[in-house]
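Values reported hereafter were calculated over all heavy atoms of this structure, with side chains retained and with hydrogens, waters and symmetry mates removed. Predicted, not measured: the structure shown is a model, and the values here were computed from it.
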Number of protein chains: 2
Amino acid sequence: MAPVSAGPEIERLIQLLARLPGLGPRSARRAALFLIKKREALMAPLAAALQTALEKVEVCRTCGNIDTQNPCTICTDPRRDASAIVVVADVADLWALERAHAINARFHVLGGTLSPLDGIGPDDLAIDGLVKRAHDPAVKEVILALNATVDGQSTAHYITDLLHDREIKVTRLAHGVPVGGELDYLDEGTLAAAMRSRTPF
Amino acid sequence: MAPVSAGPEIERLIQLLARLPGLGPRSARRAALFLIKKREALMAPLAAALQTALEKVEVCRTCGNIDTQNPCTICTDPRRDASAIVVVADVADLWALERAHAINARFHVLGGTLSPLDGIGPDDLAIDGLVKRAHDPAVKEVILALNATVDGQSTAHYITDLLHDREIKVTRLAHGVPVGGELDYLDEGTLAAAMRSRTPF
């Protein structure tokens, strides 16, 4: 990235912004200029918010969610159904399910999916912690909310095998037509799965 | 934007990131998670860089550029040709010309272009300062590097009129075919301008 003749401090800010997902060198320059123009309204609050997050954000020791309290808000919320654990690969997936108000249960963040090609094995994921939590007699169901990819599904199979001897229901998200989706644009695998799992109308 | 069940501090960070140009709510969430994961490698340096920029970045009192010194690095650089002032609407345009190594001269940042519809008149731009700088007998040329839009061109005309009585050359950027551009995709105005300004081969 060419220097911007604006002092090393601004260049460094641009370089750091360019490392954020979704921002390239050009949009990082735009973002830096925007921040400098909105000094009081945006740059100062953002600097403070980053500093606060640095000091306060922790990984929940129970579920692997990130929060400013530990255990996290979800794990300590008494209104959550403690009988179901929703297993997700990543905090982003947890957030997505929460935004959808998909379920009022607890979560378990694996920190990724099994991926032999990338050298990610069971020991790299928070699978031990999940098995320990599933020991709790209050837990009746483990819901595998993993991506419908090869890695996601092989992780789901691996976890299902581990929990096989428990008196516990292991479920996964339904496959089917996305709400608002058009059949013509769907892949054959999804259409076949949606047909197999058809429901009374 | 739906809350993310991760504490008000993380939500605030996401909301501030979402206000950056090029980031929407979804990419702001991704960026926040990325920052939290790259705590030491990215979040801490970015917080520090923003704080440094907050403390040090100023608008150059001569040309309107932004820099951590005032007057800016360009205005104080003795190797720059002091006989030409390149007039740009915005610091982003200055940076673009600098990246292109387009010219080794000084700049003048107007802070926008005349735009009667948006209520932006001559008093809202750094035009007075430009006229004062053009008084300097060392200045022989004012180069109008303004956008080839209606607002940019009317600003160029306005400045040309103001400098009319001076012994000074007022020039503007050439119109023509962008380097690497295909004729078939160019608008008629550009093609006509490129034909009028054709050069010996």
Side-chain angles (χ1 to χ4, degrees), chain A residues 1-10 12-13 15-17 19-24 26-39 41-54 56-57 59 65-69 72-74 77 90-92 94-95 98-101, chain B residues 1-10 12-13 15-17 19-24 26-39 41-54 56-57 59 65-69 72-74 77 90-92 94-95 98-101:
Chain A
M1 187 161 35
V4 294
S5 358
E9 293 88 351
I10 297 175
R12 174 142 178 83
L13 177 61
Q15 277 165 10
L16 290 167
L17 287 171
R19 290 175 52 197
L20 291 178
L23 287 185
R26 181 178 290 266
S27 44
R29 284 193 298 265
R30 276 180 65 212
L33 270 179
F34 190 80
L35 282 165
I36 290 164
K37 279 182 192 164
K38 309 256 176 189
R39 193 191 165 83
L42 187 55
M43 187 152 77
L46 183 59
L50 282 169
Q51 195 55 43
T52 308
L54 263 179
K56 291 200 171 180
V57 172
V59 173
N65 186 18
I66 54 162
D67 202 330
T68 45
Q69 60 180 74
C72 73
T73 319
I74 293 176
D77 183 351
D90 214 339
V91 175
L94 185 161
W95 287 0
E98 284 288 291
R99 283 197 303 279
H101 304 290
Chain B
M1 188 161 36
V4 294
S5 357
E9 293 87 351
I10 297 175
R12 174 142 177 83
L13 177 61
Q15 276 165 10
L16 290 167
L17 288 170
R19 288 174 52 196
L20 291 178
L23 287 184
R26 182 178 290 265
S27 44
R29 283 193 299 265
R30 276 180 64 212
L33 270 179
F34 190 81
L35 282 165
I36 289 164
K37 278 181 192 164
K38 309 257 175 188
R39 194 190 164 83
L42 187 55
M43 187 152 75
L46 183 59
L50 281 170
Q51 194 56 44
T52 308
L54 263 179
K56 290 199 173 182
V57 172
V59 173
N65 187 17
I66 55 161
D67 202 331
T68 44
Q69 60 181 75
C72 73
T73 319
I74 293 177
D77 183 351
D90 214 339
V91 175
L94 184 160
W95 287 0
E98 284 289 290
R99 283 198 304 279
H101 304 289

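If you take CD1 on Ile10(B) and CG on Asn65(A), they are separated by 7.5 Å, rounding to the nearest 0.5 Å. Here the CG atom belonging to Leu46(A) is positioned 12.5 Å from the CD atom belonging to Gln15(B), to the nearest 0.5 angstrom. Taken to the nearest 0.5 Å, the NZ atom of Lys38(B) stands 11.5 Å off from the CG atom of Leu20(A). Here OG1 of Thr52(B) is found 7.0 Å from CD of Glu9(A). Values are rounded to the nearest 0.5 Å. In this structure, the separation between CG on Leu16(B) and CG on Leu35(A) is 9.5 Å, given to the nearest 0.5 Å.
In this structure Lys37(A) satisfies the salt bridge (charged side-chain N to carboxylate O under 4.0 Å, His left out) test together with Asp90(B), sequence neighbours excluded.
Annotation: maximal heavy-atom pairing with chain A below 4.5 Å, among Pro45(B), Ser27(B), Ala48(B), occurs at Pro45(B). Chain B forms the most heavy-atom pairs under 4.5 Å with one residue out of Leu17(A), Ile36(A), Leu42(A), and that residue is Leu42(A). No other option in Arg30(A), Gln51(A), Arg19(A) has as many heavy-atom pairs under 4.5 Å with chain B as Arg19(A).
Across all their heavy atoms, Ala31(A) and Pro21(B) have their closest contact at CA-CG, 3.9 Å. Between Leu13(A) and Ala53(B), the shortest heavy-atom contact is CD2-CB, 4.1 Å.
For chain B, the nearby parts of Thr68(A) are the backbone and the side chain; heavy atoms of each come within less than 4.5 Å. For chain A, the nearby parts of Leu54(B) are the backbone and the side chain; heavy atoms of each come within less than 4.5 Å. Both the backbone and the side chain of Ala41(A) come within contact range of chain B, with heavy atoms under 4.5 Å apart.
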Give the C-alpha distance, both sets of side-chain angles, the deciding distance and a yes or no for side-chain contact (heavy atoms from CB on, under 4.5 Å) between Leu33(B) and Ile66(A). CA-CA 9 Å; Leu33(B) 270 179; Ile66(A) 54 162; 3.6 Å; yes
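In this structure a side-chain-to-backbone donor-acceptor pair under 3.5 Å is present from Arg39(A) to Val57(B).
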